[in-house]
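Before any comments, here is the structure.
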Amino acid sequence: MENALILSHLESGVLTLTLNRPDRLNSFNDEMHRQLSEALTQAERDDNVRCLLIAGAGRGFCAGQDLNDRNVSADQQAPDLGLSVERFYNPLIRRLTALPKPVVCAVNGVAAGAGAALALACDIVIAADNASFIQSFCRLGLVPDSGGSWFLPRLAGHARAMGMALLGDKISAQQALDWGMIWQVAAADELADRTQTLARHLATQPTYGLGLIKKALYGSATNSLDQQLDLERDLQRLGGRSDDYREGVSAFFAKRAPNFSGK
């Protein structure tokens, strides 16, 4: 596809989506949002997709919103940024977190603003050792969006989230790891191989059960203990009826490697 702002490649059960505006540090414009939305539809509907991997082209992961798309001239009506959030960013984060398949993120460089929130919305994040995370909204008089104000306190803690959001300091990949924001740090020249290996492993696992795990963990953010215990019961009931559970138990007793179907 000409002018593809999202590169899509499916192999070995892994759908790799690459943000492809390297000249703009993969910052979002409306067309890039539309193309990413179309690509996510395949991840949702195609049973051959067992794991989603999101990466960035060039030297950055994603610089958030492309400010060239924002008209802030004094003689023009102020833009409705809430409309953009409602139309594009909120649906994106909701779809990623609700996707009943694991989502891996390879952060190869700067992840700023909504780009940082996009990474944090993924299930397992591996960042290159030269990558960084920035909550840059405060420098523009704006509020962290795309779930940034939800993920940061839960991952890094209240004090660190406040510092990142109010100061806009650059956080290194190692610091993000130390704070519990991401899963691992990899050498920059090993990031692609590391994340592909991880995604291919996840693509061989019991996909339906992994989706239930996501649902359980996100549910715990707002549930009481009693509510969470009930949710675990209900999800375990579903998992126990899956083909993959039957295969896992059979493989255990036969002392062989399981061959999960993802169902």
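Among residues at least two apart or in separate chains, there is no ring pair (Phe, Tyr, Trp, His ring centres under 6.0 Å) pair with a member in residues 100-125.
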Can you check side chain to side chain donor-acceptor pair (under 3.5 Å) on Thr195 and Arg200, steps first, answer last? CA-CA 8 Å; Thr195 51; Arg200 291 188 182 202; over 6 Å; no
Leu52 vs Val104, side chain to side chain contact (heavy atoms under 4.5 Å, CB included): CA-CA, chis, key distance, verdict: CA-CA 6 Å; Leu52 176 64; Val104 177; over 6 Å; no
Is there a side chain to side chain contact (heavy atoms under 4.5 Å, CB included) between Leu25 and Phe61 once you walk through the steps? CA-CA 7 Å; Leu25 289 176; Phe61 172 68; over 6 Å; no
Please step through salt bridge (charged side-chain N to carboxylate O under 4.0 Å, His left out) for the pair Glu44 and Lys101, ending with a clear verdict. CA-CA 8 Å; Glu44 293 164 337; Lys101 304 169 184 180; over 6 Å; no
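Distance check, rounded to the nearest 0.5 Å: CG of Asn90 to CG of Asp145 gives 7.5 Å. Here CG of Asn68 is found 7.5 Å from OG of Ser27. Values are rounded to the nearest 0.5 Å.
The backbone N or O of Arg194 lies less than 3.5 Å from no partner atom in the side chain of Gln184, so there is not a single donor-acceptor pair. Here the side chain of Asn108 pairs no donor or acceptor atom with the backbone of Ala131 at under 3.5 angstrom. Side-chain N or O atoms of Asp46 include none that pairs as donor or acceptor with a backbone N or O of Gln42 at under 3.5 Å.
Here the closest heavy-atom approach between residue Phe28 and residue Cys62 is recorded as CE1-SG, 3.6 Å. Across Pro22 and Ala57, no two heavy atoms sit closer than the pair CB-O, 3.9 Å. Between Leu96 and Leu40 the shortest heavy-atom distance is CD2-CD2, 4.0 Å.
Around CH2 of Trp183, the count of heavy atoms belonging to other residues, nucleotides or ligands within 6.0 Å does not exceed 12. Within a 6.0 Å radius of NZ in Lys214, more than 12 heavy atoms belonging to other residues, nucleotides or ligands are found.
Between the side chains of Gln35 and His33, no donor-acceptor pair of N or O atoms lies under 3.5 Å. With 3.5 Å as the limit, one finds a donor-acceptor pair spanning the side chains of Gln196 and Thr16.
Counting heavy atoms from C-beta on, the side chains of Asn20 and Ile6 never come closer than 4.5 Å. Side-chain atoms of Ile54 and Val103, non-hydrogen and from C-beta on, do get closer than 4.5 Å to each other. The shortest distance between side-chain heavy atoms of Leu15 and Leu53 does not fall below 4.5 Å.
The residues Glu247 and Arg256 are annotated as salt-bridged, a charged nitrogen and a carboxylate oxygen being separated by less than 4.0 angstrom. By the 4.0 Å N-to-carboxylate-O rule, Asp244 lies too far from Lys263 to be salt-bridged with it. Contact check on Asp66 versus Arg24 returns a salt bridge, with a Lys/Arg side-chain nitrogen under 4.0 Å from an Asp/Glu carboxylate oxygen.
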Could you give the side-chain donor-acceptor pairs of residues 156-169 under 3.5 Å, partners two or more places apart or in another chain?
none

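In this structure Thr207 satisfies the side chain to side chain donor-acceptor pair (under 3.5 Å) test together with Arg50, sequence neighbours excluded.
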